[in-house]
Asker: 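The structure is given below, and queries will be raised subsequently.
Residue numbering restarts at 1 for every chain, and letters A, B, ... go by the order of the sequence lines.
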Amino acid sequence: MDYELIGITVLWTFLYGYLIVASIDFGAGFFNYYSALTGRGPIVKKVINRYLSPVWEVTNVFLIFFYIGLVGFFPSLAFYYGTALLVPGSIAIILIALRGSYYAFHHYGNRESLWYQFLYGATGLLIPASLSVVLTLSEGGFIDVSGDEVQLNYAELFTSTYAWAVVFLAIVSVLYISASFLTFYAHKAGDSSAFNLLRKYALFWSGPTILASLLVFVSLREHNPDHFQRMLDMSWLFGLSLLFFAGAVYLIWKKKRLGVSFILVMLQFAAAFYGYGASHLPYVLYPYVTIYTSFTNDTMALALILAFIAGLMLLVPSLYLLMRLFLFDNDYVKGKK
Amino acid sequence: MFEYDPVLYSRILTGLTLAFHTIFSTLGVGVPLLIALAEWIGIRRNDDHYHLLARRWARGYIITVAVGVVTGTAIALQLSLLWPNFMQVAGQTISLPLFLETFAFFFEAIFLGIYLYTWDRFKKKIYHLLLLIPVALGATLSGFFITTVNAFMNAPLGFTMENGVLKGVNPLLAMFNPATPTKMAHVLSSAYLTSACVLAAIAAFMILRGREHVYYKKALRLSMTVAFVCAISTAVIGDLSGKYLAEYQPEKLAAAEWHFETAEEASLILGGILDENNEVKYALEIPYALSILAHGTPDAEVTGLEEFPEEEWPPLVVHYFFDLMVGIGMFLALVSFVFMVMKWRKKSNELNRVLLWLIVSTGPLAMLAIEAGWFFTEEGRQPWILRGYMTTAEGATTSGYVDIMLYLFIALYAVLAVSAAAVLRRTFKANPAERELEKLGMK
Ligand code: HDD
Ligand code: HEM
Ligand code: HEM
């Protein structure tokens with residue numbers, strides 16, 4: 001494997017990590033608000049808070065990590081996307097800022113407020129929608145490059161079926177991933193009323209998730225036939241993803257082995273996400289930039305990879321400790337600690 | 001009215017975001033040290049007041065961390081959005097510390113999460129304290145890494161530029177450039193100083209409000225001791241920073257001192273104004289002091305601005321920022337010194353109202369010194385974004401709508417500032433230390 005591929009694989013893995021942990025968090029915010037509105041707030045609140053409180057900051061770091069890694073490994077991308085994304089990027093920042101701080105204010109400031117919960121729930125859906133724009137743009141057709149001039153074509157973006165399909169997919173996947181995780185967590189906590197409610201949510205959102213994925217496939221064929229063709233070459237990965245999906249939904253429906261079912265959900269998204277990413281290569285901004293034209297110098301690449309390995313040796317044990325204390329410690333999950 | 005200029009708006013927006021972030025990140029770097037000290041003393045002396053102190057400080061800290069995290073995220077992303085050309089070059093040369101910084105955040109975030117939720121989970125109290133070490137270390141390291149990036153902008157090293165093409169990149173050399181040692185030491189030391197002053201100011205204010213409990217006195221003594229040590233070290237390192245400037249960025253030092261002609265036995269200028277012929281008026285001059293600050297001896301020669309083309313002069317207002325920072329630095333050292341002496345001499349009462357009010361003022365003043373110091377160093381680098389290689393105008397975005405983004409961010413920071421203040425106030429008002437002491441059965 002060359003440095004370029006190692007670099008993009010590392011980054012893609014962090015983006016995948018962000019996709020999972022952030023989805024859990026984003027969806028939890030929405031369910032929290034939705035059930036508060038429908039008078040079922042107390043049922044799910046405990047489960048959600050218990051898990052989210054210790055980890056919210058960690059979620060944010062995944063995003064930063066991906067972004068800084070991108071600038072480090074592929075500096076020219078900073079130029080293209082940085083110029084094109086000023087407005088959507090700034091809006092995403094503002095949403096993230098509101099969400100993070102209001103979560104802390106609500107939670108540590110010890111005051112219940114429906115308004116905070118609304119902010120927290122609404123931003124949870126808007127952030128994935130606005131971040132998904134980056135993936136849409138990478139398909140080409142929305143960014144015009146001529147010499148040093150880079151411009152985002154808003155009219156094109158807002159009228160594109162493909163762009164809207166991606167937004168739809170982002171939102172429903174968030175709800176589906178989150179609900180299936182929280183189902184598992186509620187089950188572990190032995191909280192049966194929360195479990196029943198969350199299980200319903202998980203089953204409800206599984207259908208739209210598959211529908212949205214199909215929509216994205218179909219509209220990509222119109223939008224970027226080249227990429228669509230390469231995706232067909234990897235269709236086994238997408239088929240695998242579908243299998244994982246079927247398995248996960250079956251287990252949730254049967255109320256069996258919920259831990260395994262969440263792992264299947266993760267595998268479902270992993271297969272589709274890596275399939276999408278691998279078929280996108282070598283382009284990172286179609287058709288202008290590939291991983292080879294935007295890559296940093298070899299010295300920096302090596303330094304970053306070494307730093308990454310050293311960092312992992314520090315992080316993996318710490319993450320393990322975090323999970324042991326808050327995710328796999330039965331007394332904690334059940335609220336006895 | 002104005003013509004739209006993305007460079008100008010990008011500069012204002014960057015300055016605004018950083019100025020706001022630095023309030024929280026400075027506390028983010030410094031406060032864990034104080035929490036750790038309090039918890040450690042609590043364990044060693046078996047004194048529960050210090051435990052409660054650590055707990056309450058941590059409770060306020062988490063709110064400031066939250067705002068630090070979200071504004072930090074904002075500026076990290078804004079660097080690419082507003083300075084895409086600069087980031088393209090920076091990405092190739094100085095992304096190693098940026099990358100390492102995220103690891104430091106990660107590390108800090110994980111252990112902070114654990115620390116906050118495990119106050120009573122360990123049988124041995126010392127385990128809980130041990131969790132704080134990675135938090136304090138992570139915060140300090142992230143301050144260190146980001147400061148090396150800024151140092152690199154001031155003293156770029158570790159690459160060569162041939163006809164606009166970057167060659168021979170050496171990430172470690174770029175990171176450990178000549179500006180790094182003084183900058184890093186000064187930033188960290190001033191962050192500890194400022195955090196100690198802010199916490200001392202709160203304790204002093206509570207005592208002035210009539211709170212009698214010994215808990216507040218312990219808080220005040222601990223934070224003032226840290227403030228004293230760090231005030232001295234900040235001033236000493238500040239002096240070394242001056243020597244760094246004299247050697248590597250003489251134009252910045254000259255602009256800070258309105259030192260136009262190269263001369264020996266240069267005097268330091270305090271305050272004053274400049275007339276249209278660049279003559280200094282109404283200023284206080286301290287003979288030889290500039291030569292001492294720059295090179296350590298009274299007769300040394302100090303480079304003046306005349307040796308640089310005028311379009312490369314930094315804006316001359318940096319003089320006031322420099323004076324403000326140094327003035328406050330002296331004041332902080334003095335106040336904490338007086339407090340230490342009075343505490344040490346049993347006869348005198350260090351809790352007299354005048355001294356307490358002076359201590360209350362050190363909190364906001366220290367924060368002001370941080371802002372002044374950064375505005376000095378960032379404005380003093382102008383017109384360069386990467387000194388000697390790329391100007392700020394070359395680094396900026398060409399995109400439209402930066403002005404509208406600026407207004408959006410002003411609104412965002414206003415909302416965050418107001419809500420953070422309100423939440424902090426409410427948290428501590430609703431649950432005063434006395435009530436908690438009582439609940440825990442302490443006297
Ligand atoms: C509480 C805050 C504080 C205090 C009391 C001082 N400083 Fe400072 N100073 C900073 C906070 C700071 C800072 C915010 O941390 C800066 C801005 C950028 C930097 O590297 O550190 C800084 C920069 C800075 C620089 C520029 C370094 C550069 O551009 O590379 C010099 C020469 C000094 N300081 C010198 C001093 C001296 C002689 C002080 C005497 C008391 C002093 N500072 C007190
Ligand atoms: C946290 C304290 C800081 C404050 C208050 C601060 C303040 C400012 C201000 C006022 C400007 C605008 C200068 C001008 O254009 O006239 C600026 C520019 C800038 N700063 Fe800083 N800064 C801080 C730290 C940093 C650090 C640590 C970095 C390094 C990553 C950095 C990177 C930049 C960049 C890239 C610009 C834009 C280019 C320029 O204007 O020269 N800043 N900052
Ligand atoms: C003197 C300058 C700076 C210092 C001392 C500093 C320090 C810190 C610290 C300690 C935090 C953790 C939050 C907290 O504990 O409050 C933080 C957050 C953050 N800072 Fe800064 N920072 C500085 C400037 C910058 C600059 C220029 C950048 C841009 C690259 C930046 C990027 C970030 C990011 C991305 C976060 C959020 C990390 C997360 O998600 O946890 N900081 N900063």
Asker: Do you know which two heavy atoms are closest between Gly100(A) and Val70(B), and how far apart they sit?
Answerer: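 It is CA-CG1, 3.9 Å.
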Asker: Take Ile93(A) and Thr73(B) through the side-chain contact (heavy atoms from CB on, under 4.5 Å) test and state the conclusion after the steps.
Answerer: CA-CA 7 Å; Ile93(A) 297 172; Thr73(B) 309; 5.9 Å; no
Asker: Roughly how far apart are Glu101(B) CD and Ile64(A) CD1, rounded to 0.5 Å?
Answerer: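 The CD atom of Glu101(B) sits 9.0 Å away from the CD1 atom of Ile64(A).
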Asker: Within the supplied structure, the quantity of interest is the number of heavy atoms (other residues, nucleotides, ligands) at a distance under 6.0 Å from Tyr154(A) OH; does it exceed 12?
Answerer: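 Counting neighbours around OH of Tyr154(A), more than 12 heavy atoms of other residues, nucleotides or ligands fall under 6.0 Å, so yes.
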Asker: If I measure from the heavy atoms of chain A, does Val402(B) come under 4.5 Å with its side chain, its backbone, both, or neither?
Answerer: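 Contact with chain A: backbone and side chain both.
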Asker: Should the pair Phe73(A) and Phe99(B) be assigned to parallel (<30°), tilted (30 to 60°) or perpendicular (>60°) ring geometry?
Answerer: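 Perpendicular.
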Asker: With chain B, which of Leu77(A), Leu312(A), Ile94(A) has the greatest number of heavy-atom pairs at distances under 4.5 Å?
Answerer: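 Of Leu77(A), Leu312(A), Ile94(A), Ile94(A) has the most heavy-atom pairs under 4.5 Å with chain B.
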Asker: To check you understand the geometry: which heavy-atom pair defines the closest contact between Gln92(B) and Met300(A), and what is its length?
Answerer: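 The pair with the smallest heavy-atom distance is O-CE, 3.5 Å.
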Asker: Show your working on side-chain contact (heavy atoms from CB on, under 4.5 Å) between Leu82(B) and Leu86(A) and close with a plain yes or no.
Answerer: CA-CA 7 Å; Leu82(B) 299 175; Leu86(A) 178 73; 3.8 Å; yes
Asker: If I compare all heavy atoms of Leu314(A) with all of Phe107(B), which pair ends up nearest, and what's the gap?
Answerer: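 Minimum heavy-atom separation between Leu314(A) and Phe107(B): CG-CE1, 3.7 Å.
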Asker: What part of Phe66(A) lies closer than 4.5 angstrom to a heavy atom of chain B: side chain, backbone, both or neither?
Answerer: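 When you check distances to chain B, no heavy atom of Phe66(A) falls under 4.5 Å.
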Asker: Are Leu79(B) and Val71(A) packed together at the side-chain level, in the sense that at least one heavy-atom pair is separated by less than 4.5 angstrom?
Answerer: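 When only atoms from C-beta onward are counted, Val71(A) and Leu79(B) do not touch, as no gap falls below 4.5 Å.
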Asker: Less than 4.5 Å to any heavy atom of chain A: does that hold for the side chain of Leu172(B), its backbone, both, or neither?
Answerer: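 Contact with chain A: none, neither part.
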Asker: Output the option from Thr83(A), Leu70(A), Leu63(A) having the highest count of non-hydrogen pairs under 4.5 Å with chain B.
Answerer: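 If we count pairs closer than 4.5 Å to chain B, Thr83(A) comes out on top.
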Asker: Decide whether Ser80(B) and Tyr67(A) meet the rule of one side-chain donor and one side-chain acceptor closer than 3.5 Å.
Answerer: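 The answer is yes; a qualifying pair exists.
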Asker: Using 0.5 Å steps for rounding, measure from the CD1 atom of Ile63(B) to the OG atom of Ser101(A).
Answerer: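 Result: 10.0 Å between the selected atoms.
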Asker: I need the minimum non-hydrogen distance between Met87(B) and Ala78(A), along with the two atoms involved.
Answerer: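 Shortest heavy-atom contact: CB-CB, 4.2 Å.
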Asker: Output the distance between atom CG (Leu77(B)) and atom CG (Leu85(A)), rounded to the nearest 0.5 Å.
Answerer: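 These two atoms lie 10.0 Å from each other.
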Asker: Please rank Pro134(B), Ala104(B), Pro84(B) by heavy-atom pairs under 4.5 Å with chain A and give me the top one.
Answerer: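 If we count pairs closer than 4.5 Å to chain A, Pro84(B) comes out on top.
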Asker: Nearest 0.5 angstrom please: Leu321(A) CG to Phe111(B) CZ, how far?
Answerer: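 Nearest 0.5 Å value for the CG-CZ distance: 5.5 Å.
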Asker: If you round to the nearest 0.5 Å, how far is OG of Ser76(A) from CD of Gln88(B)?
Answerer: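 Interatomic distance, Gln88(B) CD to Ser76(A) OG, rounded to 0.5 Å: 4.5 Å.
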Asker: Measuring from Ser90(A):OG to Leu412(B):CG, what's the distance to the nearest 0.5 Å?
Answerer: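 Between Ser90(A) OG and Leu412(B) CG, I get 10.5 Å after rounding to 0.5 Å.
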Asker: Using non-hydrogen atoms and a 4.5 Å limit, figure out which bit of Leu100(B) sits close to chain A: side chain, backbone, both or neither.
Answerer: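 Contact with chain A is through the side chain of Leu100(B) alone.
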Asker: I'd like a table of donor-acceptor pairs (distance under 3.5 Å, sequence neighbours excluded) in which one partner is a side-chain atom from residues 414-422 of chain B, with atom names and distances.
Answerer:
| from | atom 1 | to | atom 2 | distance (Å) |
| --- | --- | --- | --- | --- |
| Ser419(B) | OG | Tyr102(A) | OH | 2.9 |
| Ser419(B) | OG | Val415(B) | O | 2.4 |

Asker: Of all the heavy-atom pairs spanning Leu96(B) and Ala303(A), show the shortest one and how long it is.
Answerer: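 Nearest heavy atoms, Leu96(B) then Ala303(A): CD1-O, 3.8 Å.
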Asker: Grab the two heavy atoms, one from Ile68(A) and one from Thr102(B), that are nearest each other, plus how far apart they are.
Answerer: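 Looking at all heavy atoms of both residues, the shortest contact is CG1-CG2, 3.8 Å.
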Asker: For residues Ser95(B) and Leu304(A), determine if any side-chain heavy atom of one lies less than 4.5 Å from a side-chain heavy atom of the other.
Answerer: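 Yes, close enough: below the 4.5 Å cut-off.
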Asker: For residues Phe65(A) and Phe103(B), establish whether the separation of their ring centroids is below 6.0 Å.
Answerer: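 Between Phe103(B) and Phe65(A), which both carry aromatic rings, the centre distance is below 6.0 Å.
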